[in-house]
Amino acid sequence: MTVSDREPASERSGREPAVAVPPARLAADDEPGLDPVPAVPPAAPRAVPRRYGVRPGQVVALLFLAVVAVAALAPGLLSGADPLAADPLHALAPPSAQHWFGTDHLGRDVLSRVVHGAGYSLGIGAVAILFAAVLGTVLGALAGLSPRYVDEPLSRLFDVLASFPELLLAMLVISVTGPGAGNVILAIGLVQLPNYARVIRGQTFVVRRSGYVEQAVTLGLRRPTLVVRHVLPNILGPLPVLATIGMGTAIIATSGLSFLGMGPQPPDPEWGSMLAEARNYLRVAWWSVLFPGLFVTLTVVSLTTVGRRLQRRFEGRLP
């Protein structure tokens, strides 16, 4: 018979209820040599991936690029004035209801020249980037798929072209070929070529060592079919990112070369040549310099903003 059975029921009922002791504490109290079992900490909550939406700045950049694209493709929708029509009686007129961006030293409408100049700047930049992307892809893939004695000279060629300052190399090419829109396209394309060729070469090395390519080689797939079906589709991923960001660089280079007299020649309404013509009238007609320069800056900033977002999405940092 236990002690609790010999106690009266009234005394047992007046006591406080016993507190349950965990088994680990019981084991530690009964056997002093044992350490108490530590309690298991609660599991940390899983980190929820942050979702990035479209930011207002990116929306504004896309809208501005849409306006510039309309100006380049259909300038008549934004301005009905002739960009080459001179009116000396209204030369250097400030912005007004008749001429929203004012007039230049020959009385030409600055708004019309800025709108029509988008076709020159964007057209030259786009064709130059297309030339660089196509040639860079071909040479980069050739270097990545060829033996070392072919890859090594091509890689050194890319390194030499990339070592020159871009504007200096473009000026060197134009000094040999002469000024003009076609030669500017060639110069800017050669300047941008190493950026595409080196990236495509690196992507080709990654793809050619992948499991599905090795399996296709094991199955006896012919090399041209292997390159067209398995290699090329998987090395072209970075091109949209490089082309979008490189487009801004090409527009700056086009405007810079035109400002130096190496691009489209007056009276063509290219943004850089407009800046070159108006720089002597900066004190008396600031609007003839402000608006072409502003459109160059905003176009490059918008392209860079969109290109950075494409880069984050390509790298998997966006949902």
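Fair warning: this is a prediction, and the values are worked out from it, not measured in the lab. Both backbone and side-chain heavy atoms feed into the values below; hydrogens, waters and symmetry mates do not. Residues take their numbers from the sequence shown, with the count starting at 1.
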| query | Could you give the distance from CG (Leu193) to CG (Leu135), rounded to the nearest 0.5 Å? | reply | 5.0 Å
| request: Over all heavy atoms of both residues, which pair between Pro264 and Ala181 is shortest? Give the atoms and the distance, please. | output: CG-CB, 4.4 Å
| Approximate separation, where rounding is to 0.5 Å, of Leu290 CG and Leu275 CG | 10.0 Å
| message | Once you measure the plane-to-plane angle for His105 and Tyr281, does it fall in the parallel (<30°), tilted (30-60°) or perpendicular (>60°) bin? | response | parallel
| message | Between Arg201 and Ser155, is the side chain to side chain contact (heavy atoms under 4.5 Å, CB included) condition met? List the steps. | response | CA-CA 9 Å; Arg201 175 178 175 270; Ser155 300; 3.0 Å; yes
| request: Give a yes or no on whether the backbone of Phe205 and the side-chain of Arg209 come within a donor-acceptor separation of less than 3.5 Å. | output: yes
| said: Nearest 0.5 angstrom please: Phe131 CZ to Gln192 CD, how far? | reply: 11.5 Å
| message | Working to the nearest 0.5 angstrom, can you tell me the gap between Leu122 CG and Leu65 CG? | response | 8.5 Å
| Should Met171 and Leu257 count as side-chain neighbours, where that means a heavy-atom distance under 4.5 Å? | yes
| note | Interatomic distance, CH2@Trp271 vs CG@Leu294, rounded to 0.5 Å, equals 10.0 Å
| said: What I'd like to find out is whether the side chain of Gln203 reaches to under 4.5 Å of the side chain of Thr137, using heavy atoms alone. | reply: no
| query | Within the side chain of Thr103, is there an N or O that forms a donor-acceptor pair under 3.5 Å with the backbone of Asp109? | reply | no
Contacts under 3.5 angstrom, residues 228-251 side chains, donor-acceptor by atom type, not counting sequence neighbours:
residue: Asn234; atom: ND2; partner: Tyr212; partner atom: OH; Å: 3.4
residue: Asn234; atom: ND2; partner: His230; partner atom: O; Å: 2.5
residue: Thr244; atom: OG1; partner: Pro240; partner atom: O; Å: 2.7

| field | Side chain Trp100, main chain Pro95, donor-acceptor under 3.5 Å | value | no
| query | Can you hop from Leu172 to Ile185 via hydrophobic side chains spaced under 4.5 Å? | reply | no
| query | Under the side chain to side chain contact (heavy atoms under 4.5 Å, CB included) criterion, do Leu92 and Asp104 qualify, and how do the steps go? | reply | CA-CA 5 Å; Leu92 301 178; Asp104 63 3; 5.5 Å; no
| message | Could you go through Val67 and Leu78, starting from their C-alpha distance and side-chain angles, then the distance that decides it, and tell me whether this counts as side chain to side chain contact (heavy atoms under 4.5 Å, CB included)? | response | CA-CA 9 Å; Val67 173; Leu78 301 179; 4.3 Å; yes
| message | Ring-plane angle category for Phe291 and Phe101, please: parallel below 30°, perpendicular beyond 60°, tilted otherwise. | response | parallel
| query | Are Leu226 and Arg222 close enough that some pair of their side-chain heavy atoms sits under 4.5 Å apart? | reply | no
| field | Check: Ala143 main-chain N/O paired with Ser146 side-chain donor or acceptor under 3.5 Å | value | no
| said: Is there a path of hydrophobic side-chain contacts, each under 4.5 Å between heavy atoms, that joins Met274 and Ile124? | reply: no
| query | Minimum heavy-atom separation for Gly140 to Phe158, with atom names? | reply | N-CZ, 4.4 Å
| said: Assess whether a salt bridge exists between Arg108 and Asp82, defined as any Lys/Arg side-chain N lying under 4.0 Å from an Asp/Glu carboxylate O. | reply: no
| field | Donor on one side chain, acceptor on other, Gln58 and Arg55, under 3.5 Å | value | no
| What's the shortest heavy-atom distance between Pro269 and Pro83, and which atoms? | CG-CB, 4.3 Å
| query | Do you know the tightest heavy-atom contact between Ile174 and Ala187? | reply | CG1-CB, 3.8 Å
| request: Give the cluster check for Tyr120 versus Val289: same hydrophobic cluster or not, with ILVMFWY residues linked at side-chain heavy-atom distances below 4.5 Å. | output: no
| Is it true that Glu270 and Arg113 make a salt bridge, defined as a side-chain N closer than 4.0 Å to a carboxylate O? | no
| Transitively linked via ILVMFWY side-chain contacts under 4.5 Å: Val184 with Leu169? | no
| query | Roughly how far apart are Leu190 CG and Leu186 CG, rounded to 0.5 Å? | reply | 4.5 Å
| Just by distance, do the side chain of Trp286 and the backbone of Arg283 share a donor-acceptor pair under 3.5 Å? | no
| Same hydrophobic cluster for Leu161 and Leu154, using side-chain heavy-atom links shorter than 4.5 Å among ILVMFWY? | yes
| said: For the backbone of Ser255 and the side chain of Ser258, can you confirm whether one donor and one acceptor N or O come within less than 3.5 Å of each other? | reply: no
| Closest contact, heavy atoms only, Ile200 versus Gly136 | CB-O, 4.4 Å
| message | For Phe259, does the six-membered ring have the charged nitrogen or CZ of Arg279 within the cation-pi criterion, i.e. under 6.0 angstrom from the centroid and within 45° of the normal? | response | yes
| said: Salt bridge check, Asp151 against Arg148: does any charged N sit closer than 4.0 Å to a carboxylate O? | reply: no
| query | So which heavy atom on His116 is nearest to which on Ser79, and how close? | reply | CE1-O, 4.2 Å
